[in-house]
Each structure stands twice: as C-alpha cells, then as structure tokens.
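Sequence lines set the chain letters: A, B, ... in the order given, protein chains first and strands last, and positions in each chain run from 1.
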Number of protein chains: 2
Amino acid sequence: MPPHSIGELASLADVKPPTIRFYEQIGLMPAPRRTASDRRVYEPEAVARLAFIKHARQLGFPVEAIRTLLDLADHPERSCGDANRLAQQQLAAVEQKLSLLASLRTELSRMVSAGCDGPAGECRVIESLSDHGHCLGDHGPADSTIRS
Amino acid sequence: MPPHSIGELASLADVKPPTIRFYEQIGLMPAPRRTASDRRVYEPEAVARLAFIKHARQLGFPVEAIRTLLDLADHPERSCGDANRLAQQQLAAVEQKLSLLASLRTELSRMVSAGCDGPAGECRVIESLSDHGHCLGDHGPADSTIRS
DNA sequence: CTTGATCCTCTAGCCACTTGAAGATGCATC
DNA sequence: GATGCATCTTCAAGTGGCTAGAGGATCAAG
C-alpha cells in the first residue's frame, strides 16, 4: 500500500482534512513526514489510527479518554484497567442521556400531538412551554448538539 | 408582587445570574430597568418569561427557536404554525438522538460486558475500537456534552 | 464601621471541531 | 508553456450556550 495525501486519508476514514490537522495539533495523530513542498504524507498505519479515533468519537468518548485509549493501544504490555473504566463511564454517560432524552420525547410528543391551528394565543405548544404543570423534574438542560 | 433583583429572579427560575445577563445580551430577556446604582430590577413578568426559556432549553430547543417561540407568545394574534413546526422538528431531533444513543449503548455494553483483566494487548475494549466489524453505520458523532 | 454577600462590566475559557482568508502547489488540458 | 481548477499550506476566528474569573462598587446586617 502506498502512502496517502491528507485528502485521501480523510476520505478513507470519512473525516474532513481540517479534522485530521486538528487531531495532529492536539496530539491524537502523530505529525507525518512531509514532501519537499511541505505536504503531509501518511503511511498506511495512519488509516487504522484515524479510524480508531473516529470510532471512539462516534461512541462519544471525550478526546482525553481517547488519548488514554490510544496510549494503551500503543503499549500492549500495560494493564487494560483504564480502558475498562473509561468504557464503563462512557456507558453510564450514554445511559443517563438516554433516560433524559426519553422524558424529553414524552413531553415533546404530547406537545406535538396536541397540535393546533389557530392563533398563537391558543397554541398548545406555547401553552405547554409556559406551563409548569407537566414540567420535567430537575434534569439538566437537554443538549441540542448532535450533528449530522 | 414586588420587583426582584437578578439573584432573586435567578433562584425563582433556578438558573444562575450570569445566565440571565447572557439571555439579556442575546436578546431573549429584555433589558430591565435599573436602580440608581445600576442594578437590574425585574418586574414579576420576568419570572414567567425566564421560566419559559428555561423550560424550552430543557427540552433542547435551540436559542433561535426559542426566539421565535417567545415572539409568538408575545403576539398571540399570529398563527401558531411556526410553533408547531419547531416542536415537530425538535421531536424529530430528539428521536434521532435517541436512536443513535440506543445503538451506542448496545455497542458499549457489549464492550463492557466482554470486560478483560490482562494486558492491553488483549483488551476487548481496545479491540472493539480497532474493529470495524461491529462498527456503527454512518451515524454522525455522538455527543458527550449533557451537563448536570 | 466593618464584614461578607451580592452586584456591576468585561474578558476569556469550554468542547470538538468548522469556516474562512490568503497564498503555494499539483495535475490536466489547450 | 500557459491556463485553470482542485488540493494543499498556515493561521485566525467562529460555533453554541453558557461558565468562570478579575477587579471593583454597593448593599444589608451587626
């Protein structure tokens, strides 16, 4: 397998070139060698490393956790206790978000199915938002930032 | 009912004072009158408005949507079509996140329950992250940012 | 009159990127 | 060899929705 340009690596791992440069900047990806004209040249190993990072990010691991996981993957002789602990934490975080989102869905679908057509003064949606009756308990804020 | 200081308003709506100042800055809360010594003084109506905003944020509505919803609440004679559409969009967004998180949970709990104890070289967690076999489809990245 | 809580403004930081400016290089075509 | 366009380079700033801190003024209680 030949080496790759940043654009090739990007499309192989389905990320964008600036993301790879960003990962290099924060030290998740090692700085690759360069051509005479300063372009990045990636060896085939970089594909697997970038895929590992992407997979971990898809699972919601924070960058600092990924740093630890990559470090373990780079040093197979160490104990994998940290990896297990991080995975458990991430599972707990995901389960917490799931239960929060499930209650948001309940309230939103109540709002939506009460759907109305007239003036905003009688709007069920706005009424629901003003109403503290069916309000959620003391959950934190929901988060509207899953992209793509 | 008497007017409130920013701290009173904050504790009535269970948000922090800087959040109220931030909402004022971005135009969700109107700038209130001030005392001679420049402190903010809120009329009782402000409590309901802030509660509306907080409730909508808890449900995950983005600030721009809340701006529209507040605008409708302020003008009851307009049609509430926008409010219904926003609520439907938000419900769809929440449902999408739910299904993404459900598949994350599946993969994470497979990783966690395969739990291992030895060197990282044989770690199931790291193996799973390197493995493209059970990999998720083309979901976007998960998001690790639900606070509180 | 002192103490401590609360308030003010302003700036910077968080996370994980994304976007844009301004310019160099590479490759295909005429 | 000139043209044109895609891709690459660096660096800076923007995104969302706040949160935290500096440095100072004011308030209420004892």
Side-chain angles (χ1 to χ4, degrees), chain A residues 2-29 31-42 50 53-67 70 90 93 97 139-148, chain B residues 2-29 31-42 50 53-67 70 90 93 97 139-148:
Chain A
H4 306 290
S5 71
I6 196 171
E8 286 163 0
L9 176 59
S11 66
L12 284 170
D14 196 28
V15 300
K16 293 176 190 165
T19 304
I20 299 175
R21 286 190 278 258
F22 172 73
Y23 287 159
E24 179 182 328
Q25 195 186 319
I26 64 174
L28 288 190
M29 289 293 286
R33 68 185 173 87
R34 303 286 186 116
T35 66
S37 61
D38 224 31
R39 297 186 171 204
R40 289 169 177 85
V41 177
Y42 293 94
L50 184 53
I53 296 170
K54 196 202 175 190
H55 194 178
R57 285 293 302 131
Q58 281 182 324
L59 287 167
F61 285 94
V63 163
E64 285 316 302
I66 298 177
R67 210 185 289 281
L70 281 168
Q90 185 55 26
K97 285 184 219 171
H139 297 296
D143 134 29
S144 48
T145 60
I146 284 189
R147 301 157 293 269
S148 134
Chain B
H4 305 292
S5 73
I6 195 172
E8 286 163 358
L9 176 58
S11 66
L12 283 170
D14 196 27
V15 300
K16 293 175 188 165
T19 304
I20 299 174
R21 286 189 277 256
F22 172 74
Y23 287 159
E24 179 182 328
Q25 196 185 317
I26 64 174
L28 287 191
M29 289 292 288
R33 68 186 173 87
R34 303 286 187 115
T35 65
S37 61
D38 224 30
R39 297 187 170 205
R40 289 169 177 84
V41 177
Y42 293 94
L50 184 52
I53 296 170
K54 197 204 173 189
H55 194 179
R57 285 293 302 131
Q58 281 182 323
L59 288 168
F61 285 94
V63 163
E64 286 315 303
I66 298 177
R67 210 184 288 282
L70 281 168
Q90 183 54 26
K97 286 184 219 172
H139 297 297
D143 130 31
S144 47
T145 59
I146 283 190
R147 301 158 295 269
S148 132

Between B/Thr35 and B/Val63, which has a closest nucleotide on DNA chain D that is more 5'? B/Val63
NZ of B/Lys54 versus P of D/dC18: gap in Å, rounded? 11 Å
Output all residues satisfying side-chain hydrogen bond (donor to acceptor under 3.5 Å, both in side chains) with A/Arg33, sequence neighbours left out; order by chain, then residue number. A/Glu43
Return the minimal non-hydrogen interatomic distance between B/Leu28 and B/Leu70, and the atom names on each side. O-CD1, 3.8 Å
Interatomic distance where CZ belongs to A/Phe22 and P belongs to C/dT19 [whole Å]: 14 Å
Distance, rounded to the nearest Å, where B/Met29 contributes CE and D/dG17 contributes P: 17 Å
Compare side-chain N and O positions of B/Tyr23 against OP1 and OP2 of D/dC18 and report whether any pair is under 4.0 Å apart. yes
Starting at atom CD1 of B/Ile66, determine the distance to atom P of D/dG16, rounded to an integer number of angstrom. 13 Å
Round to the nearest Å and state the distance from B/Glu24 atom CD to C/dC10 atom P. 12 Å
Whole angstroms only, please: what is the NE2-C1' distance between B/His4 and C/dC7? 17 Å
Report yes if some heavy atom in the side chain of B/Glu8 is under 4.5 Å from a heavy atom in the side chain of B/Pro3; otherwise report no. no
A/Val41 versus A/Arg34, closest heavy-atom pair with distance: CG2-C, 4.3 Å
Sugar-phosphate atoms are those with a prime plus P, OP1 and OP2; base atoms are the rest. Using that split, label each nucleotide of nucleotides 5-11 of chain D B, S or - for protein heavy atoms under 4.0 Å, 5' to 3'. --BSBB-
Spacing between B/Ile20 atom CD1 and D/dT19 atom P, to the nearest angstrom: 11 Å
It should be established whether A/Thr19 places a side-chain nitrogen or oxygen under 4.0 Å from OP1 or OP2 of nucleotide C/dT18. yes
Taking CZ from B/Phe61 and P from D/dG17, how many angstroms apart are they, rounded to a whole number? 13 Å
Could you measure the distance from the NZ atom of A/Lys16 to the CD1 atom of A/Ile6? Nearest 0.5 Å is fine. 13.5 Å
Toward the 5' end of DNA chain C, which comes first, A/Lys16 or B/Gln25, by nearest nucleotide? B/Gln25
How long is the span from the CD atom in B/Glu64 to the CD1 atom in B/Ile26, to the nearest 0.5 Å? 8.0 Å
Partners passing side-chain hydrogen bond (donor to acceptor under 3.5 Å, both in side chains) against B/Arg21 (at least two apart in sequence or in another chain): none
